[in-house]
Amino acid sequence: MGNSSSTPKITAQDRAILDMKNQRDKLHEYQKRITVITSREKEIAKECLAKGDKKRALLALRRKKYQESLLTKTDQQLAQLEILTSDVEFALVQKDVLFGLQQGTSVLKEIHKEMGGIQNVEKLLGESAEARAYQNEISEMLSNRMSNQDEDEVEDELDALEREVSGVKMPDAPTQRPIGLPDAPSETPKERAMRRAVEQQKGTQPMLA
């Protein structure tokens, strides 16, 4: 008798789910690693602002924003693919899933490229010809890849950092009345006159036995 057991067939849906899981695992790994880089980019922006170099501070924040938006975009895309791959009628959405996975792979490669290590981030502070060439390259690349909304958010972050570096704070609301000022009157002159008249009237009334 032959062996009746057989290896389960791996379907296209199984393959897509596995590919999606691998992409998500890689994305989570990148998220942890890139946090170190984006934190340093923010510090570089503050250092540049302290020296009055607003142009390089803006470049550091733009690069940080671009990297964060890549991670967010990929995470949202994978969440959508997860819904599609769980569809009972997978055959109807298979094309969309495969296309989405291809896009995900492409973006993950771009994220990996952005994680050039801290040494590349430090070039944002460099004064050498190599560092300046790198800064110009990054600036040109970002101008073609960032949305207007991203640029606006970067400008807002730059303004907030400027206030932080310069020590400028919004004035706090006073918590107590300044010393030396008279207390606010608790009654109007008319009310005061009526109260005194009543008191005088009570004082003149005879005591009851």
Side-chain angles (χ1 to χ4, degrees), residues 19-82 95-170:
D19 287 346
M20 184 191 62
K21 182 182 181 301
N22 290 337
Q23 284 193 15
R24 185 171 289 281
D25 290 345
K26 189 166 289 188
L27 177 65
H28 288 164
E29 176 192 344
Y30 287 171
Q31 284 172 330
K32 293 176 183 177
R33 291 169 58 187
I34 213 166
T35 297
V36 177
I37 295 175
T38 54
S39 296
R40 179 57 186 145
E41 285 165 343
K42 185 174 182 178
E43 288 300 317
I44 286 175
K46 291 171 72 173
E47 290 175 31
C48 290
L49 286 173
K51 295 186 293 185
D53 192 345
K54 190 171 180 178
K55 182 179 179 181
R56 270 194 250 194
L58 182 61
L59 177 60
L61 291 180
R62 290 177 73 215
R63 188 169 189 261
K64 169 179 170 287
K65 182 65 177 178
Y66 174 66
Q67 292 163 339
E68 290 172 342
S69 64
L70 276 178
L71 291 172
T72 302
K73 177 183 175 182
T74 308
D75 195 32
Q76 291 172 345
Q77 184 178 357
L78 286 173
Q80 181 63 28
L81 288 177
E82 189 172 0
K95 272 187 165 183
D96 294 332
V97 171
L98 294 179
F99 179 70
L101 287 170
Q102 289 172 358
Q103 283 188 316
T105 300
S106 176
V107 176
L108 284 171
K109 286 180 180 178
E110 185 67 27
I111 295 173
H112 186 265
K113 181 181 176 182
E114 284 297 311
M115 295 193 310
I118 293 295
Q119 64 271 20
N120 279 350
V121 179
E122 297 299 332
K123 287 181 183 178
L124 297 176
L125 282 171
E127 298 287 351
S128 66
E130 179 187 359
R132 289 188 177 277
Y134 176 77
Q135 292 163 19
N136 291 335
E137 178 188 347
I138 292 297
S139 181
E140 186 176 345
M141 182 271 290
L142 292 176
S143 63
N144 296 322
R145 301 192 183 184
M146 291 182 65
S147 67
N148 290 335
Q149 182 180 348
D150 286 341
E151 295 283 12
D152 290 342
E153 289 176 0
V154 169
E155 289 286 350
D156 291 341
E157 185 175 7
L158 181 68
D159 291 342
L161 273 185
E162 277 189 295
R163 290 194 296 270
E164 181 181 337
V165 169
S166 62
V168 176
K169 295 182 179 179
M170 296 298 289

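Residue numbers run from 1 in the order of the sequence given.
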May I have the step-by-step check of side chain to side chain contact (heavy atoms under 4.5 Å, CB included) for Lys123 and Ser128, ending in yes or no? CA-CA 9 Å; Lys123 287 181 183 178; Ser128 66; over 6 Å; no
Pick out which of Glu155, Glu153, Glu41 makes a salt bridge (Lys or Arg N to Asp or Glu O under 4.0 Å) with Lys65. Glu153
Show the nearest heavy-atom pair for residues Ile44 and Ala60, with the distance to one decimal. CG2-CB, 4.1 Å
Carefully, step by step, assess Leu125 and Lys51 under the rule side chain to side chain contact (heavy atoms under 4.5 Å, CB included). CA-CA 11 Å; Leu125 282 171; Lys51 295 186 293 185; 4.2 Å; yes
Please assess Met146 against Val154 for the test side chain to side chain contact (heavy atoms under 4.5 Å, CB included), listing each intermediate value before the final yes or no. CA-CA 10 Å; Met146 291 182 65; Val154 169; 3.9 Å; yes
Residue list, side-chain contact (heavy atoms from CB on, under 4.5 Å) with Ser69, at least two apart or on another chain: Tyr66, Asp150
What distance do [X] atom [atom1] and [Y] atom [atom2] have between them, rounded to the nearest 0.5 Å?
X     : Y      : atom1 : atom2 : answer
Leu59 : Asn136 : CG    : CG    : 9.0 Å
Gln67 : Leu142 : CD    : CG    : 8.5 Å
Leu49 : Asp53  : CG    : CG    : 8.5 Å
Arg33 : Ile37  : CZ    : CD1   : 7.5 Å
Arg63 : Ser139 : CZ    : OG    : 12.5 Å
Lys46 : Leu61  : NZ    : CG    : 11.0 Å

Are Arg40 and Leu124 close enough that some pair of their side-chain heavy atoms sits under 4.5 Å apart? no
Derivation and outcome, side chain to side chain contact (heavy atoms under 4.5 Å, CB included), residues Asp159 and Glu162: CA-CA 5 Å; Asp159 291 342; Glu162 277 189 295; 3.6 Å; yes
Short N-O contact, Lys64 and Glu68, less than 4.0 angstrom: yes
Pairs flagged by salt bridge (Lys or Arg N to Asp or Glu O under 4.0 Å) wherever residues 131-141 is involved - sequence neighbours left out: Glu127-Arg132
